[in-house]
Structures are given as structure tokens and as C-alpha cells.
Amino acid sequence: MKKKICIIITILILVIFVFLVFFMSGNQFSMTINDSKIDKEEFLAAASQRRYEVTSYFSGKSGGNVDSDFWEREIEGEVPYQKLAEAAIEELKYFHAVYSLAAEKGYIENDDYSSFLERWESENKIRKEKIEKGEAVYGLSEYTLDLYKEYEMDTLQKRYCEDLENEGMNITDDDRMQYYEEHKAYYNQEDDRILDYIQIPYEEENISEDQVQELKESLTSVYKQMDQDHSLSALAEEDENLSSYLMHADVTAAELSFYAKTDSDILEYAWDLGEGESTAVLDENGCLYLIECTKRKANDAIPMDEIKDNINKTLREQRYNEIIAERALHASVECDMEQVYSFIKKHVNN
């Protein structure tokens with residue numbers, strides 16, 4: 001009897017031991033990036049930020065449905081929870097590249113995650129107190145952790161780029177000209193267009209079917225008569241059914257954004273018209289249209305001197321991003337990946 005009890009106790013001890021080993025293996029976590037200790041909270045926050053990216057990556061693959069066993073199911077030779085762990089490490093490398101540089105420049109006192117959390121909590125506390133006092137608060141009344149991270153990273157980038165003594169921030173005339181020539185198509189201005197058009201919103205005006213048909217026939221008659229000597233405006237002014245619907249638009253490059261908001265349908269139908277060309281009679285979305293482009297003039301690209309500051313800003317931000325990417329690429333990561341995989345596997349569905 002005693003022997004049986006000893007055997008049972010031994011088995012229970014072994015079961016408990018195995019359980020503890022399994023439990024502890026899924027909770028052990030040790031990682032450093034450039035000598036900065038990464039705790040569990042920071043790692044899981046990084047994993048959370050990259051979770052959607054990883055699920056999207058697998059969603060297009062065979063068997064990529066996000067169901068109960070998604071994270072542990074091998075999909076085309078890859079396991080999602082392992083992919084998530086690796087993505088989290090890349091996120092952490094980028095984070096510490098940004099914040100270590102900011103600490104070196106004196107923009108922040110400490111580049112560790114706990115200091116980041118303290119600044120986040122402090123910012124929200126300040127905003128809350130201002131709101132309670134009735135003071136103006138610009139932007140959000142309260143930041144989520146992810147939004148605060150985005151806000152602070154943008155601020156750190158701006159501070160770095162505004163200091164022209166920093167590496168990569170001196171933009172020469174040659175730098176600007178090279179960028180301008182490489183992206184000149186981006187700075188091309190749209191053509192100036194002068195349009196005459198008729199737009200009859202028959203649904204909005206509750207025009208009867210018979211009247212719509214009569215208006216369409218009038219428009220068709222005008223369209224057939226249009227040529228070099230007979231413009232839309234001249235012909236429409238002579239037709240009492242159409243004259244009240246005749247409109248004119250000087251769509252210059254400078255005014256394009258305005259017309260894109262107020263007359264987007266007109267622009268869409270007239271976009272490819274050359275000078276002297278017109279659309280046919282169109283019946284779209286409860287409206288009748290007839291549009292003529294009476295003049296179209298090509299514009300030169302925006303002169304570089306007018307966009308010098310924008311080019312400087314773009315180049316500085318590009319160079320800053322390259323510096324951060326280089327620092328992240330060469331970041332030193334020390335961890336046991338099997339331990340990391342085990343940790344994320346245990347917590348990925350929590």
C-alpha cells in the first residue's frame with residue numbers, strides 16, 4: 001500500500017514538474033537591443049502593433065483564415081506566431097533606433113520604454129488638467145499609446161530635421177536640382193481648360209419624362225450642329241429650352257482643386273477633351289450633359305524656386321529615415337529565439 005502511495009506521489013510530482021516546466025518556458029523572456037533590456041510589456045506592445053500586418057500577410061495565402069488555430073498552423077512553410085515574433089523584433093529595432101538617436105541629441109533624457117510610457121502618461125495628464133480648467137487643448141484630448149508613439153516620433157523627426165548641423169540635413173543646390181529633375185513629372189501643372197457646358201439635373205428638378213426627352217432631343221440637335229463656326233454656347237443661347245442651363249468654367253491649374261470639389265462630374269467627362277472638342281450628349285446619374293472645351297493650354301512645370309522649401313523638407317525627411325533604417329539594420333539583438341517563439345505562442349491569443 002505504501003509502495004502504491006509512493007508511486008502515485010512520484011507521478012504527481014512528475015506531472016507538476018512537467019507542468020511547471022511547460023508553464024515557465026512560455027513565460028520566460030529575455031531580450032536586449034543595443035544593451036537596452038526589453039521587458040515583456042514592451043515586446044507584447046510591439047507585437048500588437050505588427051499583428052494586423054502579419055495577419056494580412058497570411059490572409060492571402062492558402063489556409064490563411066484567422067481561426068482558432070491560425071497562429072500555430074503552418075502556412076506555405078511559415079508559422080504565423082513565429083512571423084509575428086520576428087516582426088515585433090523589427091518594430092523594437094526601429095523604435096530604439098529612433099529613441100537612441102533622440103537621446104544622443106538631447107531631445108529626450110532616456111531612450112528606454114519605461115521613460116516613453118511616463119511621457120505618454122504625463123502628456124495625457126497635462127491635457128486632462130487643461131480641459132478641466134477650461135483651457136484650450138490642441139489636437140486630441142487624450143492619446144492612445146499608439147497615437148502618442150506616432151506623435152512623439154513625428155516630433156523627434158521634426159526636431160532632428162530642423163537642426164541643419166545634424167548629419168544629412170545640409171541640402172545643396174545640386175541636391176535640390178537633382179531631386180527636382182528626377183521628380184519633374186510630379187511638379188507638372190495641369191493644363192488650363194476653358195469649358196462651356198450644359199448640365200440638366202432632371203431628377204433633382206423633378207422634370208417629367210416627356211420634358212427630359214424633349215431636352216435630350218434639343219441637346220442632340222445642338223450637338224449635331226456644333227463645328228468650328230458654331231459653338232455650344234452660341235447654339236444653346238438660341239434655344240429657350242437650353243439657354244438657362246448654359247454654364248462656363250475657366251478651369252486653370254490654380255483653380256483645379258476648387259472645380260474638383262464643385263464640378264467633379266464636369267471635369268471627369270471633359271478631362272480628355274482637346275481644344276475645340278466636345279462630349280456627346282450624356283445621360284448620367286439623373287443629369288443630361290453636353291460639354292465643349294473651347295480652349296486648352298499646356299502649363300510648364302512649377303519652377304523649382306517656388307518649391308525649394310518643400311524639396312528641402314522632403315530630402316531631409318528621406319535622409320533622416322535612411323539614418324534610422326541604417327541604425328535599425330545594425331542594431332544588436334540578443335535573445336534566445338526559441339524562447340521568444342514560445343513566449344509569443346503562449347500570449348498571442350490573449
Participant: Compute whether any side-chain donor of one residue and acceptor of the other, for Asp175 and Thr172, lie under 3.5 angstrom apart.
Facilitator: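 A donor-acceptor contact under 3.5 Å links the two side chains.
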Participant: Verify side chain to side chain contact (heavy atoms under 4.5 Å, CB included) between Leu246 and Ile198, making sure each step is shown before the conclusion.
Facilitator: CA-CA 5 Å; Leu246 181 63; Ile198 290 174; 4.1 Å; yes
Participant: Which Ile, Leu, Val, Met, Phe, Trp or Tyr residues join Ile131 in one cluster when any pair of side-chain heavy atoms under 4.5 Å counts as a link?
Facilitator: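 Ile131 clusters with Val137.
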Participant: Check Glu90 with Lys93, please: is the shortest side-chain N to carboxylate O separation under 4.0 Å?
Facilitator: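 Yes, charged N to carboxylate O under 4.0 Å.
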Participant: Going from CH2 on Trp71 to CG on Asn349, what distance comes out if it is rounded to the nearest 0.5 angstrom?
Facilitator: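 Trp71 CH2 to Asn349 CG: 8.0 Å, rounded to 0.5 Å.
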Participant: Any chance the side chains of Glu238 and His230 put a donor and an acceptor closer than 3.5 Å?
Facilitator: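 There is no such pair between these side chains.
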Participant: Would you say Asp196 and His248 are linked by a side-chain donor-acceptor pair, where the criterion is simply a distance under 3.5 Å?
Facilitator: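 Yes, side-chain donor-acceptor contact under 3.5 Å.
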Participant: Does any non-hydrogen side-chain atom of Leu290 lie less than 4.5 Å from one of Met226?
Facilitator: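 Heavy-atom side-chain distance check passes, below 4.5 Å.
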Participant: Using only heavy-atom distances, determine whether the side chains of Gln211 and Ser208 contain a donor-acceptor pair under 3.5 Å.
Facilitator: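 Yes - a donor-acceptor pair under 3.5 Å links their side chains.
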Participant: Could you walk me through whether Glu78 and Tyr57 pass the side-chain hydrogen bond (donor to acceptor under 3.5 Å, both in side chains) check?
Facilitator: CA-CA 11 Å; Glu78 297 179 292; Tyr57 171 80; 2.7 Å; yes
Participant: Using 0.5 Å steps for rounding, measure from the CD atom of Glu167 to the CD1 atom of Ile323.
Facilitator: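 Answer rounded to 0.5 Å: 4.0 Å.
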Participant: If we count only N and O atoms by modelled type, under 3.5 Å, do the side chains of Asn299 and Asp192 hold a donor and an acceptor together?
Facilitator: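 There is such a pair (donor and acceptor under 3.5 Å, judged by atom type) between the side chains of Asn299 and Asp192.
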Participant: Just how far is it from atom CD of Glu322 to atom CD of Glu326, taken to the nearest 0.5 Å?
Facilitator: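 CD of Glu326 is found 9.5 Å from CD of Glu322.
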Participant: May I ask you to decide whether Glu86 forms a salt bridge with Lys83, counting only side-chain N to carboxylate O separations under 4.0 Å?
Facilitator: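 A salt bridge is absent here (no side-chain N lies under 4.0 Å from a carboxylate O).
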Participant: What distance do Ile311 atom CD1 and Ile171 atom CD1 have between them, rounded to the nearest 0.5 Å?
Facilitator: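 Atom-to-atom, Ile311:CD1 and Ile171:CD1 are 10.5 Å apart.
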Participant: Taking only residues two or more places apart in sequence or in another chain, which ones pass ring pair (Phe, Tyr, Trp, His ring centres under 6.0 Å) with His183?
Facilitator: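 Only Tyr179 meet the ring pair (Phe, Tyr, Trp, His ring centres under 6.0 Å) criterion with His183.
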Participant: For Tyr259, which residues count as a ring pair (Phe, Tyr, Trp, His ring centres under 6.0 Å) partner, sequence neighbours excluded?
Facilitator: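 If we apply the ring pair (Phe, Tyr, Trp, His ring centres under 6.0 Å) test to Tyr259, skipping adjacent residues, there are no hits.
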Participant: Inspect the contact between Asp305 and Lys308 and indicate whether a charged nitrogen and a carboxylate oxygen are less than 4.0 angstrom apart.
Facilitator: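 Salt bridge flag = no for Asp305 with Lys308.
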Participant: Ring centres under 6.0 Å, that's the criterion: do Tyr269 and Tyr289 meet it?
Facilitator: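 Here the rings of Tyr289 and Tyr269 have centres that are less than 6.0 Å from each other.
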Participant: More than 12 heavy atoms of other residues, nucleotides or ligands under 6.0 Å from CD of Glu129: is that the case?
Facilitator: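 Yes, CD of Glu129 has more than 12 neighbouring heavy atoms, counting only those of other groups under 6.0 Å.
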Participant: Are the side chains of Ile75 and Pro80 in touch, meaning some heavy atoms are under 4.5 Å apart?
Facilitator: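 Yes, at least one pair of side-chain atoms sits under 4.5 Å.
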Participant: Take Thr55 and Phe70, measure what side chain to side chain contact (heavy atoms under 4.5 Å, CB included) needs, and give me the verdict at the end.
Facilitator: CA-CA 9 Å; Thr55 54; Phe70 165 76; 3.9 Å; yes
Participant: Side-chain donor-acceptor pair under 3.5 Å between Ser122 and Glu118, yes or no?
Facilitator: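 On atom types as modelled, these side chains do not qualify, holding no pair under 3.5 Å.
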Participant: What I'd like to find out is whether the side chain of Tyr223 reaches to under 4.5 Å of the side chain of Leu235, using heavy atoms alone.
Facilitator: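 Tyr223 vs Leu235: side chains apart.
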Participant: Could you tell me which residues satisfy side chain to side chain contact (heavy atoms under 4.5 Å, CB included) with Ser115, sequence neighbours excluded, listed by chain and number?
Facilitator: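 Ser115 satisfies side chain to side chain contact (heavy atoms under 4.5 Å, CB included) with Asn110, Asp112, Arg119 once adjacent residues are dropped.
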Participant: Determine the sole option in Met153, Glu152, Gln157 for which the side-chain contact (heavy atoms from CB on, under 4.5 Å) test with Val98 is passed.
Facilitator: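 Between Val98 and the candidates, side-chain contact (heavy atoms from CB on, under 4.5 Å) is satisfied uniquely by Met153.
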Participant: Answer yes or no: is there an ion pair linking Lys313 with Glu162, defined by an N-O contact shorter than 4.0 Å?
Facilitator: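 No salt bridge links Lys313 with Glu162.
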Participant: Let's go through Phe95 and Phe116 carefully: what are the C-alpha distance in whole Å and the side-chain angles of both, what is the deciding distance for ring pair (Phe, Tyr, Trp, His ring centres under 6.0 Å) to 0.1 Å, and is it a yes or a no?
Facilitator: CA-CA 11 Å; Phe95 177 89; Phe116 165 73; 5.5 Å; yes
Participant: What residues form a side chain to side chain contact (heavy atoms under 4.5 Å, CB included) with Glu190, not counting sequence neighbours?
Facilitator: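 Once residues adjacent in sequence are excluded, the partners of Glu190 under the side chain to side chain contact (heavy atoms under 4.5 Å, CB included) criterion are Arg193, Leu256, Trp271.
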Participant: Could you tell me the separation between the OG1 atom of Thr155 and the CD atom of Glu150, rounded to the nearest 0.5 Å?
Facilitator: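 Going from the OG1 atom of Thr155 to the CD atom of Glu150 covers 10.5 Å.
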Participant: Between Glu123 and Arg127, is there a side-chain N and carboxylate O pair less than 4.0 Å apart?
Facilitator: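 Here Glu123 pairs with Arg127 in a salt bridge, since their nearest N and O are under 4.0 Å apart.
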Participant: Does the side chain of Ile89 reach to within under 4.5 Å of the side chain of Met31, using non-hydrogen atoms?
Facilitator: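 A side-chain contact under 4.5 Å exists here.
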Participant: Test side-chain hydrogen bond (donor to acceptor under 3.5 Å, both in side chains) on Gln199 and Asp265 and set out the steps.
Facilitator: CA-CA 10 Å; Gln199 178 184 19; Asp265 51 347; 3.0 Å; yes
Participant: With no hydrogens and no angle check, just 3.5 Å: does a side-chain donor-acceptor pair link Lys149 and Gln49?
Facilitator: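 Note: Lys149 and Gln49 side chains meet the donor-acceptor criterion.
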Participant: What residue pairs, at least two apart or across chains, pass ring pair (Phe, Tyr, Trp, His ring centres under 6.0 Å) with a residue in residues 151-177?
Facilitator: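 Found Tyr143-Tyr151, Tyr148-Tyr151, Tyr160-Tyr320.
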Participant: Are any non-hydrogen side-chain atoms of Leu92 and Tyr113 less than 4.5 angstrom apart?
Facilitator: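 No, their side chains stay 4.5 Å or more apart.
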Participant: Check this for me: does any side-chain nitrogen of one of Glu275 and Lys295 sit under 4.0 Å from a carboxylate oxygen of the other?
Facilitator: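 So Glu275 does not pair with Lys295 through a salt bridge.
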Participant: When you look at Ser218 and Glu214, which way does the side-chain hydrogen bond (donor to acceptor under 3.5 Å, both in side chains) test go after all the steps?
Facilitator: CA-CA 6 Å; Ser218 294; Glu214 183 180 344; 5.6 Å; no
Participant: Any salt bridge between Asp191 and Lys297, counting N to O under 4.0 Å?
Facilitator: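 Here Asp191 does not pair with Lys297 in a salt bridge, since their nearest N and O are not under 4.0 Å apart.
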Participant: Check for a donor-acceptor pair, side chain of Glu334 on one end and backbone N or O of Thr32 on the other, with a separation under 3.5 Å.
Facilitator: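 Such a contact is absent between Glu334 side chain and Thr32 backbone.
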Participant: Rounded to the nearest 0.5 Å, what separation is found between the CG atom of Leu84 and the OG atom of Ser48?
Facilitator: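 It comes to 9.0 Å.
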